[in-house]
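What follows is a single structure, written as C-alpha cells, with notes after it.
Numbers restart at 1 for each chain; the letters A, B, ... are given by sequence-line order, proteins then strands.
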Amino acid sequence: MKDSFKEKVYKITRAIPKGYVATYGQVAEMAGNKAGARAVGALMRANPDAPNTTCHRVVADDGNLTGYSAKGGIERKKAMLLAEGVKFSGNKIDLSKSGWKNPV
DNA sequence: ATTTTGACTTAAG
DNA sequence: GCTTAAGCCAAAA
C-alpha cells in the first residue's frame, strides 16, 4: 500500500474518536514524521476528503484552535468540538481531558 | 526543478 | 507574558 505521508495523516485524522482531539505534532508523529507538524497543517488545508476527514479534531500543541479555512473559522470549529463533548478551557481545548492518544 | 508559503513547535529576547 | 527567530516537512506556484 502506498500510504504516503499525507494519506497516513488523513487516515489518522479520521481515526480520532468523537469528543477527542489530537495535536498536529501528535498526528505528524503517528504518520511517521515527528517534525512534520507543519506539513500536517498544510495537508489539512488541502483537505481533499473534507466530510470524511475530521480535520477539526486536529489542533495546535497548546490546545489552541488555529486555521480552519471553512466558513465560520475558529469559532465554528470550537462550537463543533464543544458539541462533541470536547472540554474547553476558555478559548482553548483542555488537552488534559480531551487530548487523544492512539491506543496502538 | 526551484522558490515560496503555511492550519506547527521550540527556543531565545 | 508576548514577540521574534530558527528548524522541520509537504504542497502549491
Practice problem: Any strand is fair game: report the nucleotide pairing with C:dA12 by Watson-Crick or G-U wobble, both distances under 3.5 Å, or none. | Solution: B:dT3
Practice problem: Count the heavy atoms of every other residue, nucleotide or ligand shown that sit under 6.0 Å from CZ of A:R14, and state whether that count exceeds 12. | Solution: yes
Quiz item: A:K34 NZ to B:dC8 C1': how many Å, rounded?
Solution: 14 Å
Every protein N/O within reach of nucleotides 7-10 of chain C N/O, cut-off under 3.5 Å:
residue, atom, partner, partner atom, Å
C:dG7, O6, A:R38, NH1, 2.6
C:dG7, N1, A:R38, NH1, 3.3
C:dC8, N3, A:R38, NH1, 3.0
C:dC8, N4, A:R38, NH1, 3.4
C:dC9, O2, A:A39, N, 3.4
C:dA10, OP1, A:N33, ND2, 2.9

Quiz prompt | Atom pair distance, as rounded to whole Å: CG in A:D62 and C1' in B:dA11 | solution = 15 Å
Quiz prompt | Side chains of A:Y24 and A:D61 in contact at under 4.5 Å (non-hydrogen atoms) | solution = no
Quiz item: What about A:Y68, does its side chain sit under 3.5 Å from the base of B:dA7 through a donor-acceptor pair?
Solution: no
Quiz prompt | Within 6.0 angstrom of A:K6 NZ, more than 12 heavy atoms from elsewhere | solution = no
Quiz item: What is the distance, rounded to the nearest whole Å, between atom CG of A:D61 and atom P of B:dA11?
Solution: 11 Å
Practice problem: Take atom NZ of A:K92 and atom C1' of C:dG1, then tell me their distance rounded to the nearest Å. | Solution: 11 Å
Quiz prompt | For atom CD of A:E29 and atom C1' of B:dT10, their distance in whole Å | solution = 15 Å
Practice problem: Take the protein atom CZ of A:R45 and the nucleotide atom P of B:dA7, then report the distance between them rounded to whole Å. | Solution: 6 Å
Quiz item: Could you give the CG-to-P distance, from A:N64 to B:dC8, as a whole number of Å?
Solution: 10 Å
Quiz item: For B:dT9, which nucleotide in any strand shown is its Watson-Crick or wobble partner with both distances under 3.5 Å?
Solution: C:dA6
Quiz item: Once you round it to whole Å, what is the distance between P of B:dC8 and CG of A:L95?
Solution: 15 Å
Exercise. Report yes or no: do A:I12 and A:Y20 belong to one cluster of Ile/Leu/Val/Met/Phe/Trp/Tyr joined by side chain heavy-atom distances under 4.5 Å?
Key: yes
Quiz prompt | Atom CZ of A:F5: over 12 foreign heavy atoms under 6.0 Å | solution = yes
Practice problem: Report the C-alpha distance between A:T53 and A:K11 in whole Å, list the side-chain angles of each, state the deciding distance to 0.1 Å, and finish with yes or no for side chain to side chain contact (heavy atoms under 4.5 Å, CB included). | Solution: CA-CA 8 Å; A:T53 305; A:K11 187 184 296 184; over 6 Å; no
Self-check item: A:F88 and A:D94, any side-chain heavy atoms less than 4.5 Å apart
Solution: no
